[in-house]
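Here the structure is laid out as structure tokens; the discussion comes afterwards.
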Amino acid sequence: MSVTESPFQADTCPELKEVEATIRMSLQTQSSGLQEMIVHLLQAGGKKLRPLLVLLCAGLSGGEMYSIKRVELLRVAAAVEMIHTASLVHDDIIDGAASRRGRETLHFRWDTKKAVLAGDFLLARAFDLLCGLEQKGSLLPLFARSVALMCQGEIRQLAGNYCWETSEKNYFHFNYLKTAQFLASCCEAGATVMKAGEGEIKNLRRYGFYLGQAFQIVDDILDYTADPVKLGKPVGKDLRQGTVTLPLIYLLRVDHRYRHLLRAASTRRPALAAHLQEQVDRAVRASGALQYASRRAARAGEAAINALQRFPPTRSRQLLKQIAEAIAGRVAFVKGQQ
Ligand code: FPP
Ligand code: MG
């Protein structure tokens with residue numbers, strides 16, 4: 001299994017096929033140029049983690065209500081995947097990345113202007129889906145806030161590029177803004193549709209938050225370790241672009257020589273010199289930074305699982321637990337490496 005494939009798809013949640021159909025319907029357009037880009041994106045698939053969280057969290061707190069709220073849930077699940085895809089289209093422009101999910105990115109295949117507009121279109125149609133919901137009074141502000149936080153996370157991360165003093169606290173703040181809070185909102189949305197109580201919503205947000213935290217740490221580790229073909233996107237870009245993530249923070253804490261070296265080179269924007277990148281990359285691997293980061297991801301995964309404890313032991317709870325284990329397991333191979 002490649003790292004882009006989901007270990008928890010169709011057999012876990014047959015509704016995902018219907019989520020895909022809802023997305024396809026919502027993205028129909030008369031504009032053939034736009035439609036071509038949408039088809040390109042949809043053919044890439046993706047893990048569908050966020051829709052799965054909506055559906056499973058609804059299953060966990062909904063019981064028999066689930067079938068009554070099914071259509072509403074499919075719409076929410078489709079909307080969160082569309083928001084996520086829009087964010088990736090824009091993120092790839094920001095990163096200048098040529099591939100995503102094993103395919104060319106929109107801005108690379110078409111151009112940046114068209115890719116920006118395709119991302120905007122996805123976002124508009126996602127909010128259009130949310131506008132048609134019975135629970136729109138809660139879900140529209142939830143996702144409007146969540147997208148605003150993602151934007152703030154990206155801006156803060158950009159502003160922090162080449163700041164080799166970035167602290168772990170700062171890293172976990174970006175991690176929250178960019179990723180963890182959105183996953184927490186997906187969990188909250190599923191529970192909200194089921195009219196779950198405050199306590200249940202709080203626990204599911206906690207699950208989504210820690211799951212998201214683990215997910216982003218793993219993503220940041222894979223940027224150092226993965227095979228780009230298997231990952232479906234370029235690797236090494238964080239270090240090259242001066243983005244300071246958990247493995248690098250660890251190295252710079254335990255070995256101050258690299259902090260001095262990088263500080264001296266920080267004027268070489270927009271990309272780090274290749275020889276320096278190689279040197280720091282080797283040091284990250286040799287320092288135990290990847291093992292450290294993978295322990296932090298495992299700890300977050302355990303915290304996510306703990307948040308599920310108060311729920312009855314249903315199939316949905318079991319699947320949410322398996323998702324947390326599978327996410328931490330994406331870096332299992334790192335553990336034995338030096
Ligand atoms: C991928 O993470 C990117 C994100 C988690 C968030 C991107 C958010 C925005 C661009 C702002 C919101 C925009 C819209 C349209 C909703 P990464 O860059 O760490 O991972 P990567 O390796 O996949 O690039
Ligand atoms: Mg990125």
Side-chain angles (χ1 to χ4, degrees), residues 3-4 27 37 41 44 46-47 49-50 79-103 105-108 112 115-130 140 142-161 166 171-186 208-209 211-228 230-249 270 293 297 327 330-331:
V3 273
T4 48
L27 293 176
M37 290 191 278
L41 281 175
K47 291 187 282 297
L49 172 62
R50 289 147 189 86
V80 298
E81 184 62 15
M82 286 154 63
I83 293 172
H84 172 58
T85 307
S87 80
L88 295 181
V89 169
H90 286 184
D91 185 64
D92 287 332
I93 297 169
I94 294 166
D95 289 348
S99 59
R100 168 77 67 182
R101 294 173 173 169
R103 319 196 92 209
T105 51
L106 290 194
H107 72 94
F108 189 78
T112 301
V116 168
L117 294 167
D120 292 344
F121 177 76
L122 279 160
L123 193 61
R125 286 288 168 92
F127 274 88
D128 199 28
L129 265 180
L130 295 174
L140 274 171
L142 176 70
F143 286 111
R145 262 197 310 270
S146 191
V147 170
L149 291 177
M150 273 194 247
C151 295
Q152 289 169 38
E154 284 279 300
I155 293 269
R156 287 180 75 135
Q157 180 170 294
L158 277 176
N161 278 359
T166 298
Y171 167 79
F172 280 104
H173 192 50
F174 296 151
N175 177 314
Y176 166 76
L177 291 171
K178 272 173 55 183
T179 305
Q181 60 84 19
F182 184 46
L183 268 65
S185 296
C186 293
F209 164 76
L211 187 81
Q213 185 177 93
F215 186 89
Q216 187 62 50
I217 296 172
V218 170
D219 199 65
D220 296 335
I221 295 173
L222 291 172
D223 195 64
Y224 281 91
T225 61
D227 171 346
K230 284 195 187 146
L231 194 63
K233 60 182 181 180
V235 298
K237 62 186 179 344
D238 287 341
L239 183 53
R240 192 163 52 248
Q241 295 175 343
T243 306
V244 185
T245 61
L246 198 53
L248 185 58
I249 290 171
I327 282 172
R330 285 175 93 204
V331 281

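Numbers for residues simply follow the sequence, beginning at 1. Each ligand, and each atom within it, is numbered from 1 in the order the structure gives.
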Non-hydrogen atom of Val147 closer than 4.0 Å to ligand 1: yes

Heavy-atom closest contact (Gly153 atom, Leu177 atom, distance): CA-CB, 3.6 Å

Residue pair Lys47, Phe215: steps toward the side-chain contact (heavy atoms from CB on, under 4.5 Å) verdict: CA-CA 12 Å; Lys47 291 187 282 297; Phe215 186 89; 3.7 Å; yes

Residues, nucleotides or ligands: over 12 heavy atoms within 6.0 Å of Phe108 CZ: no

Other residues, nucleotides, ligands: >12 heavy atoms within 6.0 Å of Ile155 CD1: no

Heavy atom of His84, distance to ligand 1 below 4.0 Å: no

Region of Asp223 engaging ligand 1 - heavy atom pairs below 4.0 Å: neither

For Gln216, the ligand 1 atoms whose distance to one of its heavy atoms is below 4.0 Å: 19 (O)

Selected option - heavy-atom contact closest to atom 2 (O) of ligand 1, from Lys237, Glu154, Lys178, Gln241: Lys178

Proximal ligand 1 atoms for Asp95, defined as those under 4.0 Å from one of its heavy atoms: 18 (O), 24 (O)

Atom indices of ligand 1, in the order listed, that fall short of 4.0 Å to a heavy atom of Thr179: 5 (C)

Sub-4.0 Å atoms of ligand 1 with respect to non-hydrogen atoms of Lys233: 21 (P), 22 (O), 23 (O)

Atom 20 (O) of ligand 1: nearest protein contact (heavy atom, Å): Asp219 OD2, 3.2 Å

Distance from atom 10 (C) of ligand 1 to nearest protein heavy atom, with residue and atom: Ser87 O, 3.5 Å

Gln157 side chain to Asn161 side chain, donor-acceptor N/O pair below 3.5 angstrom: no

Within-2.8 Å protein N/O/S contacts of the Mg ion (ligand 2): Asp91 OD2, Asp95 OD2

Residues Asp91 and Arg100 bridged, charged N to O under 4.0 Å: yes

Axial cation check for Tyr224 ring with Arg240, 6.0 Å and 45° limits: no

Salt bridge (Lys or Arg N to Asp or Glu O under 4.0 Å) between Lys178 and Asp219, worked out: CA-CA 12 Å; Lys178 272 173 55 183; Asp219 199 65; over 6 Å; no

Identity and separation of the nearest protein heavy atom to atom 24 (O) of ligand 1: Asp91 OD2, 2.8 Å

Residue and atom name of the nearest protein heavy atom (relative to atom 15 (C) of ligand 1), distance in Å to one decimal: His90 ND1, 3.5 Å

Test item: Thr85 and Arg101 side chains (from C-beta on) under 4.5 Å apart, heavy atoms: yes

Over all atoms of both residues, closest heavy-atom pair of Arg50 and Cys186: CB-SG, 3.8 Å

Distance (rounded to the nearest 0.5 Å) between Gln216 CD and Ile327 CD1: 11.5 Å

4.5 Å side-chain heavy-atom contact, Tyr171 and Ile217: yes

Cys151 to ligand 1, any heavy atom closer than 4.0 Å: yes

